[in-house]
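One structure is given here, and the rest of the page talks about it.
Counting convention: from 1, in listed order, for ligands and their atoms alike. All residue numbers refer to positions in the sequence shown, counting from 1.
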Amino acid sequence: MQTLHVDLGHSRYPIDIGPGLLGDAGLLDARIPGRDLLIVSNVTVAPLYLERLRRSLPGRRVGECILPDGESHKTLATAGTIFDALVAQRQNRDATLVALGGGVVGDLGGFAAACYQRGIACVQVPTTLLAQVDSSVGGKTGVNHPGGKNLIGAFHQPAAVIADTDTLTTLPDRELRAGLAEIVKYGCICDAGLFDWLEINLPRLLARDPAALTHAIAASCRLKASVVARDERESNVRAILNFGHTFGHAIEAATAYTSYLHGEAVAIGMLIAADLSARLGLIDREAAARLRALLERAGLPVAAPAIGADRARTLMQMDKKVRAGALRLVLLDALGNAVVTADYDESALTATLTEYFA
Ligand code: NAD
Ligand code: GLY
C-alpha cells in the first residue's frame, strides 16, 4: 500500500492506494471517522463491493443509499434521494458519508455531504480508474444541469481517500480506457516524464498489470495533490487540471451526458486543446500528433460529434473558467506544461471549433 497526503495547510488528508483495502478493517477503522455511517453507492457497484466494505466496519451503525447508475443521474434530484436517506436514517452532524463507486457516486456523495446539515464528513472510496486518479481527490463535488456540466456544486474535501486497486479487476474495458485519459492529462499538463512513461507502458496498463496501475495511480494522485495544495479553490493554477475539459464538457452537455463517458469526452477535448495550441504556435504539430497517437493506442475516441461550432461555443461560455464574459482556456506550451490564458487569437479558436465540430 502507498499512502500520500493532500496538504492544504488548514487540513491534511491521506490517500491510500493498494490492493485489499476494502477488507482491511484496521485501515478503515483508522480512516473513517464517526460511529454513524451512510454508504452511498449505485446499483452496479453495491452488489460487487458493498458487503465487503460492510464486513470491515464492525461496531459502526451503517446505513446505505443505492443510486441509479450513470452520468445522466448526476442531478440535483438524485442528490435529493441522498438527503432523504440521511434524514430517514436520522443521521446527525457527526455522521460520515462513505462514497463507494466511480466519479458519479463520488461527486454526488461529496455534494450531499457538503450540504447536509451544512457539512458532514465524507470518505471517498473510488472504484473506477478515473475516480482513483482524479475525482476522489481534491474536494470538487457537484451535479450537472441540463445547461452545463457540474454547474451546481461545492468544494468539500474528503476526510480520506481509500483506493482499493482490486476493484479495478471488475471494471469494463471502456471505463478503464476512460480513466487512462485523465492519466494522460497529467502527463500533458505537468509531467513530460509521465507522458514518456505512458508511451512505453500503455500496453501494461491496458493489460491491467497491477504494478503499472499502482504506479500510474500514485503518480497521478501525487501530481493532483500538489496542484490542489497550491490552489484549493481554483483561483489560478488548479485550472490546469481542466485541460481538455472545456471542450469535453461541451461535448458531454450537447449529447445529454449519454453518448460519451467523461474520460472519452476529455480525450477528444485534449486533442482539440492541443490542436489549438499548435495553431497558435505554442507547441509544434509533432507534440499534438504524439498526444493523438497515445489516445488512439489507448482505444479512446479522437473524433468530436458534429454538434456545430456555434453550439460548442455557446456551451463553452458556461464554463467555470469564464471571467467577465472572457473564456479562459487551458493550452499547452510544451508536452508537459499547461498555461491558462484568455489571450488567444479568436480566429484560431473558431478555426479549431469548425474543424472538429462541423
Ligand atoms: P462513473 O462513476 O459513471 O463509473 C463508470 C461506470 O463504472 C459506472 O457504470 C459504474 O457503476 C461502474 N463501476 C464503478 N466501479 C466499478 C467497478 N469496480 N467494477 C465494475 N463497474 C464499476 O464514471 P467515472 O468515470 O468514474 O467518473 C466520471 C465522473 O467523475 C463524471 O461525472 C465527472 O464529471 C466526474 N469527475 C469529477 C472530478 C472531480 O474533481 N470531482 C474529476 C474528474 C471527473
Ligand atoms: N478535475 C479537475 C479538478 O479537480 O480541479
Return the residue, atom name and 0.1 Å-rounded distance of the protein heavy atom closest to [atom].
{"atom": "atom 14 (C) of ligand 1", "answer": "Thr128 CG2, 3.2 Å"}
{"atom": "atom 13 (N) of ligand 1", "answer": "Val45 CG2, 3.7 Å"}
{"atom": "atom 20 (C) of ligand 1", "answer": "Thr170 O, 3.1 Å"}
{"atom": "atom 35 (C) of ligand 1", "answer": "Asp107 OD2, 3.3 Å"}
{"atom": "atom 25 (O) of ligand 1", "answer": "Leu130 CB, 3.6 Å"}
{"atom": "atom 8 (C) of ligand 1", "answer": "Asp69 OD1, 3.3 Å"}
{"atom": "atom 39 (C) of ligand 1", "answer": "Ser135 CA, 3.5 Å"}

Do [X] and ligand 1 have an N or O pair less than 3.5 Å apart?
{"X": "Val104", "value": "yes"}
{"X": "Glu182", "value": "no"}
{"X": "Thr127", "value": "yes"}
{"X": "Glu71", "value": "yes"}
{"X": "Thr141", "value": "no"}

What are the two closest non-hydrogen atoms of [X] and [Y], and how far apart are they?
{"X": "Thr352", "Y": "Arg279", "result": "OG1-NE, 2.8 Å"}
{"X": "Ala306", "Y": "Ala358", "result": "CB-O, 3.7 Å"}
{"X": "Gly325", "Y": "Gln317", "result": "O-NE2, 3.2 Å"}

Legend entry - Residue-ligand contact Glu182/ligand 2, heavy atom below 4.0 Å: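 It does not; every heavy atom stays at 4.0 Å or beyond.
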Inset, instruction - Indicate yes or no: at least one non-hydrogen side-chain atom of Gln124 is less than 4.5 angstrom from one of Gln132. - result: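 No; the side chains remain at least 4.5 Å from each other.
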Looking at [X], which atoms of ligand 1 are within less than 4.0 Å of one of its heavy atoms?
{"X": "Lys74", "value": "31 (C), 32 (O), 33 (C), 34 (O), 35 (C)"}
{"X": "Glu175", "value": "5 (C), 6 (C), 7 (O)"}
{"X": "Thr167", "value": "17 (C), 18 (N)"}
{"X": "Tyr49", "value": "18 (N)"}
{"X": "Leu48", "value": "19 (N), 20 (C)"}

Within a reach of under 6.0 Å around [atom1] of [X], are more than 12 heavy atoms found that belong to other residues, nucleotides or ligands?
{"X": "Asp310", "atom1": "CG", "answer": "no"}
{"X": "Asp343", "atom1": "CG", "answer": "no"}
{"X": "Arg323", "atom1": "CZ", "answer": "yes"}
{"X": "Glu346", "atom1": "CD", "answer": "yes"}
{"X": "Met1", "atom1": "CE", "answer": "yes"}

Legend entry - Distance-only side-chain donor-acceptor flag, Tyr13 / Gln157, under 3.5 Å: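 There is such a pair between these side chains.
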Legend entry - No-hydrogen, no-angle side-chain donor-acceptor test under 3.5 Å, Ser347 and Thr350: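 Distance-only check fails for Ser347 and Thr350.
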In terms of side-chain geometry, is the basic nitrogen of [X] or [Y] positioned less than 4.0 Å from the acidic oxygen of its partner?
{"X": "Arg238", "Y": "Asp231", "answer": "no"}
{"X": "Asp94", "Y": "Arg35", "answer": "no"}
{"X": "Lys185", "Y": "Asp191", "answer": "no"}
{"X": "Arg208", "Y": "Asp173", "answer": "yes"}
{"X": "Glu234", "Y": "Lys140", "answer": "yes"}

Contact partition for [X] relative to ligand 1, non-hydrogen atoms under 4.0 Å:
{"X": "Leu168", "result": "neither"}
{"X": "Asn42", "result": "side chain"}
{"X": "Lys140", "result": "both"}
{"X": "Leu171", "result": "both"}

Inset, instruction - Tell me which part of Asp134 gets within contact of ligand 2: side chain, backbone, both or neither, using heavy atoms under 4.0 Å. - result: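 The answer is the side chain of Asp134.
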Inset, instruction - Specify side chain, backbone, both or neither for His245, according to which of its non-hydrogen atoms lie closer than 4.0 Å to ligand 2. - result: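 The answer is neither; His245 stays 4.0 Å or more away.
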Please confirm whether [X] comes under 4.0 Å of ligand 1, counting heavy atoms of the residue only.
{"X": "Lys224", "answer": "yes"}
{"X": "Leu261", "answer": "no"}
{"X": "Lys149", "answer": "yes"}

Inset, instruction - Please work out whether the ring planes of Phe111 and Phe83 are parallel, tilted or perpendicular, with thresholds of 30° and 60°. - result: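 Aromatic pair Phe111/Phe83 classed tilted.
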Legend entry - Nearest candidate to atom 23 (O) of ligand 1, where distance is taken over non-hydrogen atoms, out of Pro172, Ser41, Gly103: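 The nearest heavy atom belongs to Gly103.
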Legend entry - Options Leu108, Asp134, Val137, ranked by nearest heavy atom to atom 42 (C) of ligand 1, top entry: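 Checking each option, the heavy atom nearest atom 42 (C) of ligand 1 is found in Asp134.
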Legend entry - Where ligand 2 meets Lys140 - atom numbers and elements under 4.0 angstrom, heavy-atom basis: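 Matching atoms, with element in brackets: 2 (C), 3 (C), 4 (O), 5 (O).
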Inset, instruction - With heavy atoms of Lys224 as the reference, note each atom of ligand 2 found under 4.0 Å away. - result: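 Those qualifying, in numeric order: 1 (N), 3 (C), 4 (O).
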Inset, instruction - To the nearest 0.5 angstrom, please state how far the NE2 atom of His156 sits from the CG atom of Asp107. - result: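 Separation between the atoms: 13.0 Å.
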Legend entry - Geometric N/O contact Asn242 with ligand 2, under 3.5 angstrom: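 There is no such contact.
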